[in-house]
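Have a look at the structure below before the remarks.
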2 protein chains.
Amino acid sequence: MTAMEHGSTAPPTLHDVAREAGVSVATASRALNGSARNVRSENARRVRAAAAKLNYEPHLSAQAIAKGSTRTVALVVRDVADPYFSSIAAGVAQAAEAAGLIVTMAVADGSSERELEIVRTLRGQRPQVIIVAGSRVEGAGTRGVLIEELEAYRTAGGRVVMISQRDLPFGTVAVDNHGGARDLARALLEAGYRRFAVLHAPGSLRTSRERHDGFRAGLRSWPGAGPAGVAEPVAIETAFTRAGGYDAARRLVERGIEDVEAVFAVNDVMAIGAMTAFRDAGVIPGADIAVAGFDDIPSALDVVPALTSVAVPLREAGLSAMRLALTDEADAPDVRLAARVVLRESTPPRQAGRR
Amino acid sequence: MTAMEHGSTAPPTLHDVAREAGVSVATASRALNGSARNVRSENARRVRAAAAKLNYEPHLSAQAIAKGSTRTVALVVRDVADPYFSSIAAGVAQAAEAAGLIVTMAVADGSSERELEIVRTLRGQRPQVIIVAGSRVEGAGTRGVLIEELEAYRTAGGRVVMISQRDLPFGTVAVDNHGGARDLARALLEAGYRRFAVLHAPGSLRTSRERHDGFRAGLRSWPGAGPAGVAEPVAIETAFTRAGGYDAARRLVERGIEDVEAVFAVNDVMAIGAMTAFRDAGVIPGADIAVAGFDDIPSALDVVPALTSVAVPLREAGLSAMRLALTDEADAPDVRLAARVVLRESTPPRQAGRR
DNA sequence: TTGTATGCGTTATCAG
DNA sequence: CTGATAACGCATACAA
């Protein structure tokens, strides 16, 4: 409301507020952040009024340096543009704001060197928490250094939480890929399917491996499992991408699909690619062959037929990570989030006896 | 409870490094951040060695307070989980990292009160830049206060950039909705379409209005426009959502679609909803009727037939925003990003003469 | 080239 | 309850 009389470009400091209110900086500080209740209400009122009049905002860096601790949480993700990570980021942001924390975000871009560099400079921020989502810890070289770096941060009083990365010596929240795939297998069995193919990625990709294993475990757990009942699914290895799914489905068709009633692709984009490949080959998804994926990305609803999938609680993962970070170090068990099967038109119930 | 001593070591300070290297803090500071070249190479080497040995990282808050400026850019978005904003965030992050800046992110969640609150506390961070993406400035009440707040920040030396918000007194980068829709209209005309319907949102939504207007402008610019050639498109108002698109298409079918060859929905999710509605009504998209959208979301590729759309350079918007923020205040013209038409199977070329 | 001293904005300590 | 004043970790005039 009050226009600046002089083009003063420096933001007001606590000193200015104190002077305006006619008290000392100490009193002003106390009145503002209420570290101690012991300030006369009249003075408190005047300080608050002065702060409002000057449009004062405390200098967070100064507070950090004086208090010896910040109110920030650092989040490093592989790629924010990826819905997978942006959902996680949304969860983290939500929980952080609820806790009155500021979140700083860095994008590792799939490079472990970059990731290491980020964690290093992050330590300079002295955040209360570092959350790493989607770390690529393949290169053993950077892996060791990253762990060291993170551990140094932790011994300095910081909390670190990993998301979807269970084999690191830090608190972890992960999605139950195995259980989700197992449940999917059972749901398909209950829908009447008996003969399956699995489109999976190379075994070095843990996510794919877990889902593949879980699916097979689900099949084996079926009462009628064995030579006479549910057979081991046909396994086709391919890339973890839409193109990979397309190619694998094409190969499956070439091989012959007489003995396959349903196809499980270890993620949705692969499943969607596979559906297109089937259609291109004259095999109608949902009618001639059932298709299921994993992740339950938004597109799963947009394809025809709508894709059966396993919903992964990504936002929840972000929330849990923050929750984990804010609980006492000791009693903070790792979190495993359940994935939920979502049946849609791509896997219609199969009439018993139909062949 | 008393804090337990977990071998919790305080992070090393510049003091520690200096002592380890046997020099003064001043020399250590100079050697590390090279503010002045005047440090004996032998000492510089020893300081760097000491820093490495202690795993020292400068305290960013302390640097900020000493230098009087931070190296951070604050980004406030409506919703990170939304691909629209996460793409923008990715662009901002990329450009920020290239410039050696740290990005802090806050989610406004569609609430202008929350947005205002965020901007307020953001000022406490003393960031070099504040970027606001997807601001909802409808409530005139908070709108004025927000502008004041932002202007206070700017007179304090900060830079503010708005994304997709052209009517605020700050630097802005926006997508050329009008031009994109106009180009789309021309492309459809060139493909042989002459009779159109537009599925749009209420006029209070500027994005919808701009696209609608642009589309009509494109039709009018056609040589054969007029009663004998291209007629004004049928306009159907609905919600800016998938459900809105579905409903509008249903209404269109009820009304009769004999006089409509192509439908333009002002965004992709509406278009996708419309495609489903058409199919449900026995009208095959891409064959019986053409459909086009706007935004070119990833799902546009996943639907059948693939959806013709207008690609919006979201990541580029983020990059441009940072670029704009880092250029001199004076010569920083607003940026308008071109949107690119992408023709796909949902609008196949139409044989001349076919009716 | 190096060290000393001072300041940045805030909180915390410790006398009044 | 309040006000000096000493930290906090770092950068930088100024002096040596």
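None of these values were measured; they are calculated from a predicted model. Chain A is the first sequence line, chain B the second, and so forth, proteins listed ahead of strands; every chain is numbered from 1.
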Please list each protein N or O that sits under 3.5 Å from an N or O in nucleotides 13-15 of chain D, with the distance.
none

Salt bridge (Lys or Arg N to Asp or Glu O under 4.0 Å) partners of residues 86-95 of chain A, not counting sequence neighbours, each pair once: none
Going by atom types only, do B/Arg159 and B/Gln128 share a side-chain donor-acceptor pair under 3.5 Å? no
Does B/Thr70 use its side chain to pair, donor to acceptor, with the backbone of B/Arg126 at less than 3.5 Å? yes
Bend angle of the helix from C/dT1-D/dA16 to C/dG16-D/dC1 from five-pair axes at both ends, rounded to 10°? 40°
Partner of A/Asn55 by side-chain hydrogen bond (donor to acceptor under 3.5 Å, both in side chains), out of B/Arg120, B/Glu148, B/Arg123: B/Arg123
A/Arg19: which residues meet the salt bridge (Lys or Arg N to Asp or Glu O under 4.0 Å) condition with it, sequence neighbours left out? A/Asp16
To the nearest angstrom, the CG-P distance between A/Leu32 and C/dA12 comes to 13 Å
Got a salt bridge between A/Glu316 and A/Arg323, using NZ or NE/NH1/NH2 to carboxylate O under 4.0 Å? yes
Give me the distances for all protein-to-nucleotides 7-10 of chain D N/O pairs that come in under 3.5 Å?
{"unit_1": "D/dC8", "atom_1": "O2", "unit_2": "A/Ile65", "atom_2": "O", "d": "3.2"}
{"unit_1": "D/dC8", "atom_1": "O2", "unit_2": "A/Ala66", "atom_2": "N", "d": "3.4"}
{"unit_1": "D/dC10", "atom_1": "OP1", "unit_2": "B/Tyr56", "atom_2": "OH", "d": "2.6"}
{"unit_1": "D/dC10", "atom_1": "OP1", "unit_2": "B/His59", "atom_2": "N", "d": "3.2"}
{"unit_1": "D/dC10", "atom_1": "OP2", "unit_2": "B/Leu14", "atom_2": "N", "d": "2.4"}

Got a second to check how far A/Tyr84's OH is from A/Ser86's OG, nearest 0.5 Å? 11.5 Å
Without hydrogens or angle criteria, can the side chains of B/Arg71 and B/Gln63 be said to hold a donor-acceptor pair below 3.5 Å? no
In whole angstrom, give the distance that lies between atom CG of B/Asn38 and atom C1' of D/dA16. 14 Å
Under a 4.0 Å threshold between the charged nitrogen and the carboxylate oxygen, would B/Arg114 count as salt-bridged to A/Glu97? yes
B/Lys53: partners by side-chain hydrogen bond (donor to acceptor under 3.5 Å, both in side chains), with sequence neighbours left out: B/Glu20
